[in-house]
There are 2 protein chains.
Amino acid sequence: MSPGNIPQYRQLYETLRRHIVDGLYREGDLLPSENELCKLHGLTRPTVRKSLDLLAHEGFIKRHQGLGSVVHKLPKGIGILSISGTTTAIGKENLETRTIIRPGLSPWPDDFPFSLSDNEREAGCMHFTRLRLVNGKPVIYDISYIPNINLPRFSARNLNNKSLFNILRAAYRIEVKGGEQYIKAINAPDPEICRILDIKHDTPVLHLQRRIDTSRLNFYIYSILYCNTSDHSLYGIF
Amino acid sequence: MSPGNIPQYRQLYETLRRHIVDGLYREGDLLPSENELCKLHGLTRPTVRKSLDLLAHEGFIKRHQGLGSVVHKLPKGIGILSISGTTTAIGKENLETRTIIRPGLSPWPDDFPFSLSDNEREAGCMHFTRLRLVNGKPVIYDISYIPNINLPRFSARNLNNKSLFNILRAAYRIEVKGGEQYIKAINAPDPEICRILDIKHDTPVLHLQRRIDTSRLNFYIYSILYCNTSDHSLYGIF
DNA sequence: TATTTGTACTTGTATTTACAAGTCAGAGTT
DNA sequence: AACTCTGACTTGTAAATACAAGTACAAATA
């Protein structure tokens with residue numbers, strides 16, 4: 001493999017993705033053909049195709065037999081349903097993250113929506129919450145739970161600027177692989193959450209319960225989200 | 001290629017998927033290894049891997065380097081966020097579909113949430129609505145719009161028993177490839193919809209706007225969903 | 001006994017090659 | 001002018017092969 005142990009298909013994926021997000025390719029443009037990409041980057045077609053698989057899977061391109069890979073329009077909502085996270089979709093300029101409750105140990109909640117393994121119960125729970133603001137207005141309140149297993153100095157890290165996923169990858173070599181989520185529409189449940197999201201008591205909000213898979217076997221990240229969708233939809237591709 | 005023009009990786013995918021859904025493999029079980037699957041089905045590893053890619057992508061298995069492919073627990077919610085549709089997740093027994101407005105021509109709505117191409121506007125719009133009930137209780141109201149291009153006898157077909165996607169595939173050779181959707185939480189907007197979903201006026205409901213991609217170039221299916229999530233969450237993997 | 005090492009498995013990544021099938025544009029025909 | 005055909009492209013499917021890297025377990029070692 002290549003520099004930094006990052007596979008080549010992943011590197012090409014990141015490159016193309018950046019080019020699309022930066023506007024180098026616009027909506028409707030044809031990407032270079034697979035064979036052209038092979039020559040350009042010194043790769044073979046299966047490798048190039050794997051990169052394009054990722055891009056297509058995340059909705060950046062759509063492929064057409066006999067035609068080529070067409071650049072899709074960029075999602076306008078908040079792409080929280082995809083693994084790419086919130087930053088891509090809405091533009092970094094407008095997105096702000098504030099830590100409300102700093103990381104600290106606490107017992108697992110009694111009404112935890114996912115079933116926990118014995119190991120997870122034993123390890124205990126690292127808990128913290130963050131607020132995501134778009135153009136200065138609160139949109140998502142993110143309540144996170146992580147099993148407290150061997151993450152030295154985790155609570156000291158600054159979660160505001162860097163994304164949680166980046167910290168996990170850089171500091172602990174834990175890669176986020178995917179996850180599952182349950183979605184409901186509810187009325188804002190809690191005066192506390194109403195205050196944080198700056199909404200009235202009976203405002204409908206999206207309620208998401210997510211379990212996020214990592215490259216570490218049996219290590220999951222849990223998070224519960226409350227999302228005010230009056231101004232911004234959530235966006236997902238499938 | 002093999003019988004019926006269905007690629008081999010797709011056939012193996014369908015087989016394994018059925019085995020998992022039918023309970024032949026249970027949660028936590030190891031699937032046969034890739035090499036075993038090769039021998040069993042007379043395929044090569046890249047082909048087998050492509051099948052497993054699909055299964056992993058839809059959340060049926062999780063693969064672990066050095067260990068194997070572990071069968072994931074079946075989703076408990078309504079898997080409407082994934083391409084597999086609603087039928088898999090909740091069990092066919094409990095799911096019922098009723099056509100409320102039968103297919104017919106109508107103009108495109110003025111406030112249509114997606115931008116339409118000239119061809120689509122020209123073709124006009126086939127419109128129909130369906131109600132999905134779980135255990136006899138209405139859960140999802142699905143308002144569909146399809147461009148009216150060359151689908152002979154479409155309005156005569158029975159949408160209750162067979163899924164729309166199956167009809168498109170069997171009768172018109174149109175394959176559903178994926179799609180995108182915007183999700184909001186709103187208060188039930190419309191007395192009509194409240195009546196159909198059997199909910200009170202201020203009940204929070206999920207509001208989904210979906211554009212579904214097909215194998216036919218520039219042919220999209222549009223649908224707007226209202227979903228009562230008080231009893232059933234929507235479920236998605238990513 | 002507790003630890004390390006090795007080995008045999010697993011999936012992950014990558015190359016090479018071949019043919020099938022869809023799209024498009026231009027040449028040729030009617 | 002309208003149509004058909006052909007050829008040069010595109011992506012889709014499939015095989016055979018090789019090595020890297022993670023996991024689990026048994027054997028060897030301290």
Side-chain angles (χ1 to χ4, degrees), chain A residues 1-14 16 28-57 60-72 173-175 177-178 213-219, chain B residues 1-14 16 28-57 60-72 173-175 177-178 213-219:
Chain A
M1 275 208 297
S2 310
N5 265 353
I6 297 173
Q8 305 189 51
Y9 76 90
R10 186 99 201 156
Q11 291 181 44
L12 176 56
Y13 158 79
E14 300 281 357
L16 292 173
D29 284 0
L30 277 173
L31 240 50
S33 80
E34 297 180 354
N35 283 320
E36 282 172 343
L37 287 172
C38 291
K39 285 174 199 159
L40 281 168
H41 298 88
L43 302 169
T44 56
R45 198 153 84 94
T47 309
V48 167
R49 277 180 67 77
K50 196 151 185 179
S51 311
L52 297 179
D53 282 346
L54 285 177
L55 288 171
H57 178 264
F60 288 101
I61 62 171
K62 195 176 174 205
R63 299 156 94 186
H64 297 284
Q65 192 173 357
L67 177 60
S69 297
V70 181
V71 175
H72 201 274
R173 293 179 156 271
I174 294 176
E175 195 95 43
K177 290 283 189 184
D213 299 333
T214 69
S215 54
R216 214 63 130 243
L217 196 54
N218 295 323
F219 178 70
Chain B
M1 273 208 298
S2 312
N5 265 351
I6 297 172
Q8 305 190 52
Y9 76 89
R10 187 96 200 162
Q11 292 182 43
L12 177 56
Y13 157 80
E14 301 282 358
L16 293 173
D29 283 0
L30 277 174
L31 240 49
S33 79
E34 298 181 354
N35 283 320
E36 283 172 343
L37 288 172
C38 292
K39 286 173 198 160
L40 281 169
H41 297 88
L43 302 170
T44 56
R45 200 152 82 91
T47 307
V48 167
R49 278 180 66 76
K50 197 151 183 178
S51 311
L52 297 178
D53 281 346
L54 284 177
L55 287 170
H57 176 264
F60 288 101
I61 61 170
K62 196 178 171 202
R63 300 156 92 185
H64 297 283
Q65 192 172 358
L67 178 58
S69 296
V70 182
V71 176
H72 201 275
R173 293 179 158 270
I174 293 175
E175 195 92 45
K177 290 284 189 182
D213 300 332
T214 69
S215 54
R216 221 46 140 248
L217 194 54
N218 294 322
F219 178 70

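Worth knowing before you read on, the calculation uses all heavy atoms, side chains too, and leaves out hydrogens, waters and symmetry mates. A, B, ... follow the sequence lines: proteins, then strands. Residue 1 opens every chain.
Considering only residues two or more places apart in sequence or on other chains, Gln65(B) meets the side-chain contact (heavy atoms from CB on, under 4.5 Å) condition with none of them. Residues meeting the side-chain contact (heavy atoms from CB on, under 4.5 Å) test with Leu67(A), sequence neighbours left out: Leu30(A), His64(A), Val70(A), Leu217(B). For Asp53(B), the side-chain contact (heavy atoms from CB on, under 4.5 Å) criterion is met by Arg63(B), not counting sequence neighbours.
The minimum heavy-atom distance between Glu34(A) and Leu52(A), with the atom names listed, is CG-CD1, 3.7 Å.
Put simply, NZ on Lys62(A) is 11 Å from P on dT23(C), counting in whole angstrom units. Atom CG in Leu12(B) sits roughly 14 Å away from atom C1' in dA14(D) (whole-Å rounding). Rounded to an integer number of Å, the gap from CG of Asp53(B) to P of dG12(D) is 14 Å. Note: CG (Leu55(B)) to P (dT11(C)) measures 13 Å, nearest angstrom. At whole-Å resolution of the value, CG in Leu30(A) and P in dA25(C) are 11 Å apart. Rounded to whole Å, the distance from CD on Gln8(A) to P on dC19(D) is 17 Å. The interatomic distance linking Gln11(B) (CD) with dA14(D) (C1') rounds to 13 Å, in whole Å.
Expressed to the nearest 0.5 Å, how far CZ of Arg45(B) lies from OG of Ser33(B) amounts to 9.0 Å. Between the CG atom of Leu31(B) and the OG atom of Ser51(B) there is a distance of 10.5 Å, given to the nearest 0.5 Å. Here CD of Glu14(B) is found 9.5 Å from CG of Leu55(B). Values are rounded to the nearest 0.5 Å. Atom CG of residue Leu43(B) and atom CD of residue Gln11(B) lie 8.5 Å apart, to the nearest 0.5 angstrom. Put simply, OG1 on Thr44(A) and CG on Asn35(A) are 10.5 Å apart, with the number rounded to the nearest 0.5 Å.
Residues Thr47(B) and Leu12(B) have side chains not in contact (no heavy-atom distance under 4.5 Å, counting atoms from C-beta outward). For the pair Leu16(B) and Ile61(B), the minimum side-chain heavy-atom distance is 4.5 Å or more.
Within the helix from dT1(C)-dA30(D) to dT30(C)-dA1(D), the inter-axis angle between the opening and closing five-pair segments is 10°, rounded to 10°.
One finds a side-chain N or O of Tyr9(B) lying less than 4.0 angstrom from the OP1 or OP2 phosphate oxygen of dT13(D).
Less than 4.0 Å separates DNA chain D from at least one heavy atom of each of the following residues of residues 42-50 of chain B: Thr44(B), Arg45(B), Pro46(B), Thr47(B), Lys50(B).
Looking at which nucleotide of DNA chain D each of Arg10(B) and Leu52(A) is closest to, the 5′-most match is held by Leu52(A).
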Can you check nucleotides 6-10 of chain C for protein contacts, nitrogen or oxygen pairs under 3.5 Å, and list what you find?
unit_1: dT10(C); atom_1: OP1; unit_2: Ser33(B); atom_2: OG; d: 3.0
unit_1: dT10(C); atom_1: O2; unit_2: Gly66(B); atom_2: N; d: 3.1

